[in-house]
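Since the structure comes first, as structure tokens, the remarks are kept for the end.
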2 protein chains.
Amino acid sequence: MRSTITDVAQAAGVHISTVSRAFSSPHLVNEETRNRVLGAAEELGYRPNRAARALITGKTQTIGLIVADIANPFFAPMIKAAESQARMRDYHILVAETDEDPAVEEDLVRAFAKQVDGVQLCSPRMSNELIEKVAHDVPIVLVNRMVSDLPCVLMDVAGGARSAIEHLAILGHTAIALLGGPRSSWTSREIRKSAGAAARAAGVDLTVFSPNTPTADVGLALAGKVAQSGATAVVAHNDLMAVGLMEGLDSLGVSVPSDVSVVGFDDIEMAQWVRPKLTTVANPTGGAGRTAVDMLLQLGADPTATAQVTLRTELIVRDSTGPGPAGPKGSG
Amino acid sequence: MRSTITDVAQAAGVHISTVSRAFSSPHLVNEETRNRVLGAAEELGYRPNRAARALITGKTQTIGLIVADIANPFFAPMIKAAESQARMRDYHILVAETDEDPAVEEDLVRAFAKQVDGVQLCSPRMSNELIEKVAHDVPIVLVNRMVSDLPCVLMDVAGGARSAIEHLAILGHTAIALLGGPRSSWTSREIRKSAGAAARAAGVDLTVFSPNTPTADVGLALAGKVAQSGATAVVAHNDLMAVGLMEGLDSLGVSVPSDVSVVGFDDIEMAQWVRPKLTTVANPTGGAGRTAVDMLLQLGADPTATAQVTLRTELIVRDSTGPGPAGPKGSG
DNA sequence: ATGAAAGCGCTAACAC
DNA sequence: GTGTTAGCGCTTTCAT
């Protein structure tokens with residue numbers, strides 16, 4: 001603990017309210033006085049105590065960020081972008097992780113409610129009802145989850161799934177496997193729905209393996225089933241699973257992409273360093289983090305300003321996808 | 001904002017001080033009264049306002065975590081572990097990143113000073129003098145940096161570097177290259193010193209390429225120099241560089257490990273999914289995060305309880321290292 | 001065991 | 001333009 005507003009007031013020979021104004025409403029104070037105050041503050045290394053300020057303004061200048069797993073390469077860039085955006089606006093970020101546990105999630109939102117100006121809730125696992133309920137306690141922006149008319153930031157995974165299926169269909173694949181994600185994941189359901197529709201439209205077979213914990217190890221373990229299924233192409237819920245799957249297929253003597261093509265989701269950094277380089281649907285996780293923070297701050301200014309934003313995804317074709325058994329469409 | 005201590009007091013028919021005691025010093029209040037208070041609190045969804053509490057106790061129940069890059073696969077597990085450890089102790093984590101900028105670093109520590117009970121400063125880039133100075137404003141635990149007698153959590157990278165060099169020497173390599181890290185990195189200096197000593201002791205040549213920004217792209221770009229240097233083995237400052245380097249070597253037609261062996265540092269998740277799987281010195285990043293939080297909390301209880309802890313590293317031999325040009329020592 | 005009262009550091013009317 | 005005052009929600013003496 002260092003100097004308080006009183007110390008600065010004394011040093012500058014003014015009342016504490018003048019010091020307060022010099023910081024929070026500079027235009028209300030004489031320029032000369034202001035400079036004197038700011039000088040004294042500088043000298044003393046004074047910084048307004050945010051807790052004290054929050055107590056009276058009701059604004060903490062802090063945003064809560066709740067994710068399932070901080071170290072997950074999907075979430076990490078989102079946290080990074082959110083922090084950066086928040087800091088630009090003189091906001092701080094309180095992070096916490098839930099380990100995918102809905103109860104922890106709920107508890108965290110409640111615990112954060114009084115300490116933050118808003119909560120960015122990423123890929124929540126709670127029920128819609130519960131989300132709507134906790135949204136009364138504190139402004140919430142959902143990421144990767146759509147709930148009635150709560151503000152949310154979505155990524156167009158449906159479009160991504162369609163692109164992936166179409167890409168594979170054009171390459172001549174007619175039997176595709178889908179490695180789904182967790183049961184309670186909104187994203188996972190979106191991907192399944194959209195991939196199913198796209199497969200039907202393209203006239204290709206789609207076998208779904210679901211639900212799964214979307215880790216590389218699980219992807220690896222699924223290689224056998226995939227190989228047996230007769231599918232010549234696979235779309236995985238995320239890059240981690242895809243990477244694991246490729247490793248598993250390799251150890252089964254199935255080569256990617258000549259025997260089986262693999263498409264992931266997310267475009268995590270690893271995707272470009274594994275071999276073959278992974279074809280994947282890039283998710284704008286950084287953009288989502290930034291957007292969510294902006295929406296939260298806007299919500300602070302105008303609590304009715306709810307919105308649902310969908311960010312574009314993009315299929316990035318690398319080396320893990322290739323022609324199907326009969327060659328690309330139109331080639332024969 | 002929801003119910004306050006006053007609401008609970010009214011509902012329970014007691015004075016607010018009794019409510020306060022029921023939460024923070026339960027033994028001071030009659031069991032029956034306490035149950036009534038707790039019941040009312042539960043009913044109203046009351047949670048003590050931490051800002052108000054902090055204002056009077058001076059304890060925020062929050063720890064500040066400052067890293068260069070939140071999404072870096074080296075730091076992410078550290079943040080994860082710290083958050084988890086903190087939450088167990090009913091503490092929260094405020095994260096911020098510096099982009100390796102010492103000025104941002106200093107500013108963040110100062111900004112956090114009044115809002116947190118302590119700061120975990122990871123791989124700081126500030127000067128020793130500055131670190132010692134800001135340490136007066138707020139309790140600090142350093143990670144990956146040793147400064148006089150400030151509390152710090154280190155990893156035995158020196159031992160790791162020695163193991164790496166010895167491993168390569170035993171495999172028969174006599175010309176080794178070292179890809180150093182950033183100039184201001186304590187870890188980088190430690191590795192260089194120790195690798196140098198180990199190389200001398202083993203009677204092998206060590207060529208140092210330094211300083212470098214430790215990214216995969218830089219590793220990739222360095223492949224040419226490494227190939228020209230005549231080294232048959234490389235130790236990289238971290239796994240990211242090592243992975244990039246392997247890719248670069250591959251595109252130069254240099255194969256790993258038959259032509260050149262590669263060792264990384266950190267053991268990030270990617271290390272086991274690239275091919276060849278990366279031999280690397282595992283750094284206990286999670287353990288460091290946990291330890292740092294514990295030290296910080298202990299510092300809160302006893303401000304004189306400074307300590308310097310060094311965590312063990314471990315060489316993990318995978319597939320990126322193999323025999324040198326003359327075969328392993330003792331084989332010929 | 002509980003209530004009363006002071007006050008943490010700050011902001012926001014309200015005076016002048 | 002600046003000082004005065006009240007009070008945010010809570011903890012902590014001090015009484016009782």
Output the rounded distance in Å from [atom1] ([X]) to [atom2] ([N]).
{"X": "A:Gln115", "N": "D:dG9", "atom1": "CD", "atom2": "P", "value": "15 Å"}
{"X": "B:Lys114", "N": "C:dC8", "atom1": "NZ", "atom2": "P", "value": "15 Å"}
{"X": "A:Gln61", "N": "C:dT11", "atom1": "CD", "atom2": "C1'", "value": "14 Å"}
{"X": "A:Leu55", "N": "D:dA6", "atom1": "CG", "atom2": "C1'", "value": "13 Å"}
{"X": "B:Arg47", "N": "D:dG9", "atom1": "CZ", "atom2": "C1'", "value": "17 Å"}
{"X": "B:Asn49", "N": "D:dC8", "atom1": "CG", "atom2": "C1'", "value": "9 Å"}

For this session: Report yes if the side chains of B:Leu142 and B:Val147 come closer than 4.5 Å at any heavy-atom pair, otherwise no.
Result: yes
Exercise. Tell me, do A:Thr98 and A:Ile66 make a side-chain contact under 4.5 Å, heavy atoms counted?
Worked result: yes
Exercise. Heavy-atom count around A:Glu43 CD within 6.0 Å, excluding the residue itself: above 12?
Worked result: no
Exercise. Just wondering, more than 12 heavy atoms not from A:Gln298 lying within 6.0 Å of its CD?
Worked result: no
Exercise. Short question: side chain of A:Gln85, backbone of A:Val293 - any donor-acceptor pair under 3.5 Å?
Worked result: no
Problem set entry | B:Asp302 versus B:Thr304, side-chain donor and acceptor atoms under 3.5 Å | yes
Problem set entry | Polar side chain donor-acceptor pair, A:His92 to A:Gln61, under 3.5 angstrom | no
Exercise. Under the side-chain hydrogen bond (donor to acceptor under 3.5 Å, both in side chains) test, which residues partner A:Asp149, sequence neighbours left out?
Worked result: none
Seminar exercise, completed: Here the residues of residues 32-43 of chain A within 4.0 Å heavy-atom distance, strictly under, of DNA chain D are A:Thr33
Exercise. Going 5' to 3' along nucleotides 11-16 of chain D, which nucleotides have protein heavy atoms under 4.0 Å from the base (write B), which only from the sugar-phosphate (write S), and which from neither (write -)?
Worked result: BBB---
